[in-house]
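Okay, structure first, notes after.
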Number of protein chains: 2
Amino acid sequence: MKQKKVISDAVIERLPLYYRDLLLLQDAGIDIISSEKLGERLGITPEQIRKDLTCFGAFGKKGVGYYVGELCQQIVEIIGLQQHWKVGIAGIGHLGWALANYKTFGRLGFRTTGLFDVDHRIIGQNVGGVIVTPISEMDNVIRKEGIQIGIITTPASVAQQVADQMVNAGIKGILSFAPLRLNVPDHIFVFREDLSIGLSRISYYLTNKPEE
Amino acid sequence: MKQKKVISDAVIERLPLYYRDLLLLQDAGIDIISSEKLGERLGITPEQIRKDLTCFGAFGKKGVGYYVGELCQQIVEIIGLQQHWKVGIAGIGHLGWALANYKTFGRLGFRTTGLFDVDHRIIGQNVGGVIVTPISEMDNVIRKEGIQIGIITTPASVAQQVADQMVNAGIKGILSFAPLRLNVPDHIFVFREDLSIGLSRISYYLTNKPEE
DNA sequence: ATTATATTGTTCAACCATTCACAATTATTA
DNA sequence: TAATAATTGTGAATGGTTGAACAATATAAT
Ligand SMILES: NC(=O)c1ccc[n+]([C@@H]2O[C@H](COP(=O)([O-])OP(=O)(O)OC[C@H]3O[C@@H](n4cnc5c(N)ncnc54)[C@H](O)[C@@H]3O)[C@@H](O)[C@H]2O)c1
Ligand SMILES: NC(=O)c1ccc[n+]([C@@H]2O[C@H](COP(=O)([O-])OP(=O)(O)OC[C@H]3O[C@@H](n4cnc5c(N)ncnc54)[C@H](O)[C@@H]3O)[C@@H](O)[C@H]2O)c1
């Protein structure tokens, strides 16, 4: 892998899109794809795709295209999906429960091996194949299982506290759905997913329609 | 409102963040906030905030800051949240069920007034205060209720078909969680939310840690 | 009334990302 | 084998976003 220059976030966000579509192509038995065709499927320009990929090396064959299987493997290595990350989810309410049951995370290489909550009504239940553990046990489970990534789907009011617990237990990265900024040490990578931005954007565009 | 030049997506994505934090400030009884303090709370530079806001007008007071209540109202109007958009959700499975139960959408001005599914086990149930209707009835309900925004949380395999139905019924904007590109007429605004990008980004950054 | 302090709105410069154009390379056909 | 068609990788041009600096303005202090 090249990896000389710094890679922009925009590139990193597109890689999973390429990867998922390549998996579909692979399932469909398609061996070779051009940036043109891939771009058409995804709504991304072929130049963009080629430039993104050349950040990491020259994976295509001129005059031919990209070998689907090979490119898949390359992207897996770029993103680091071959590691089979272990994931823990704190807050098994509406959203946590949905995520715990989402099988596609598994196909991408993320194994959910810990579910945590404070509510006695949910503790002990089997959700998507994993038993919900008391949040007070989270520290132990994270260490014992070697969980590296934490997902926070608790109410915002306790999200910081839960993040602190995760960091103390040795978590390396956090995906948070709570609508606030988490304060964590520099070496922890936090990504915030904000599900209300999508609706707000739709509202904006419907309100301020381009005059066609 | 100014609205002369074109506003970039980046700006539109930050407005909801400002808005939600301003609501919190308002709840806390804080009347005036500077771009400096707001930026600190959100992890955004003060210059960025000022520049974003001046896309739409001059809402602050030099030497003082921004009046929280007034700015809230301005952002509401910019995003178009005063309209109380009506929302319908198709596919009341794991994720759809979570979204149907999410109260914060209401506070932002989105009212969920239609829930649709094909599964007889869920049809007829009350989810977050709304009865789940057969998808075959979606067209009628959308027209009768005047639903303008559709959320798609069905399996990917039927998402296009559901989107077509929504468009035919007169929906103006779609928020889709299905991992594929939807084909819709130009005048329909589609926003795709991809929940696997977050985890993939974390994987990338943990794998390719900056050498600190 | 004057000075000092705080903070916005705006201009300009720096940076980053995308698009364009094309040389380089591979496969295919005559 | 030579010519043709397809398609990648890349350097240059364009367009867009962010950052730094500062004039303009409001308040508070003297
Ligand atoms: N539901 C959605 O569709 C949605 C959408 C966007 C954002 N969110 C955000 O995701 C988070 C969860 O939302 P939700 O709708 O699932 O809420 P929820 O109330 O259904 O679930 C929260 C869960 O967290 C648990 N919890 C509370 N305190 C805890 C603690 N200290 N440790 C561990 N678990 C604890 C609760 O017992 C509950 O099971 C919130 O921050 C919300 O703002 C949710
Ligand atoms: N669960 C998650 O956390 C998660 C995360 C990311 C993306 N997604 C995406 O969201 C979508 C839903 O995921 P899920 O986990 O909730 O799946 P799910 O299987 O739990 O729910 C899907 C629901 O759609 C209904 N459905 C099927 N065909 C339908 C039709 N023609 N019309 C109306 N409803 C129909 C099903 O009866 C079911 O209730 C999928 O596309 C998935 O890829 C889910």
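A note on names: the letters A, B, ... follow the listed sequences, proteins ahead of strands, and every chain is numbered from 1. All values reported here derive from a predicted model rather than from experimental measurement.
Between B:Gly60 and A:Gly63, the residue anchored closer to the 5' end of DNA chain C is B:Gly60, taking for each the nucleotide with the nearest heavy atom.
Between the side chain of A:Arg181 and the main chain of A:Arg192, no donor-acceptor pair closer than 3.5 Å is present. Remark: side-chain polar atoms of A:Asn101 are paired, donor with acceptor, to backbone N or O of A:Trp97 under 3.5 angstrom. A donor-acceptor pair under 3.5 Å is formed between the side chain of B:Thr153 and the backbone N or O of B:Ala90. Under a 3.5 Å cut-off, the side chain of B:Lys172 and the backbone N or O of B:Gly170 do form a donor-acceptor pair. A distance-only check finds a donor-acceptor pair linking the side chain of A:Gln160 to the backbone of A:Asn183 [under 3.5 Å].
Nearest nucleotide to the A:Arg50 side chain, out of C:dG9, D:dT10, C:dA17: D:dT10. Taking only side-chain atoms of A:Ser8, from C-beta outward, the nucleotide of C:dT18, C:dA17, C:dA24 with the closest atom is C:dA17. Proximity note for B:Val64 (side chain, C-beta onward) versus C:dA17, D:dG9, D:dT27: the nearest is D:dT27. With distances taken from any side-chain atom of A:Ala10 to the nucleotides C:dT18, C:dT7, C:dA24, the minimum falls on C:dT18. For B:Lys51, the side-chain atoms get nearest to D:dT18 when compared with the rest of D:dT18, C:dT26, C:dG9.
Between the CG atom of A:Leu71 and the C1' atom of D:dT8 there is a distance of 13 Å, given to the nearest Å. When the P atom of D:dT25 is taken as reference, atom NZ of B:Lys62 falls 5 Å away, rounded to whole Å. Rounded to whole Å, atom P of C:dT8 lies 12 Å from atom OH of B:Tyr67. Put simply, CD on B:Glu13 is 11 Å from P on D:dT18, counting in whole angstrom units. Atom CG of B:Asp52 is separated from atom P of D:dG19 by 11 Å (rounded to the nearest Å). One interatomic measurement links the two molecules: CD1 of B:Ile49 to P of D:dT17, which rounds to 18 Å at whole-angstrom precision. Distance, B:Glu47 CD to C:dC12 P: 18 Å, rounded to whole Å. The distance between atom CD1 of B:Ile44 and atom P of D:dG19, rounded to the nearest whole Å, is 11 Å.
Applying the 4.0 Å criterion to OP1 and OP2 of D:dG19, one finds that B:Thr45 has a side-chain N or O inside that range. Under 4.0 angstrom from either OP1 or OP2 of D:dG9 there lies at least one side-chain N or O belonging to A:Tyr66. Phosphate contact (OP1/OP2 of C:dT19, side-chain N/O of A:Gln48, threshold under 4.0 Å): present. Taking only side-chain nitrogens and oxygens, B:Lys61 comes nearer than 4.0 Å to OP1 or OP2 of D:dT27.
In the displayed structure, B:Lys86 atom NZ is contacted under 6.0 Å by more than 12 heavy atoms of other residues, nucleotides or ligands.
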*Quick one: do A:Tyr205 and B:Asp9 satisfy side-chain hydrogen bond (donor to acceptor under 3.5 Å, both in side chains)? Show the steps, please.*
CA-CA 10 Å; A:Tyr205 283 104; B:Asp9 283 357; 2.4 Å; yes
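Listed by residue number, the members of residues 15-41 of chain A with any heavy atom below 4.0 angstrom from DNA chain C form an empty set.
Residues A:Gln82 and A:Glu77 approach most closely at OE1-CA, 3.6 Å, considering heavy atoms.
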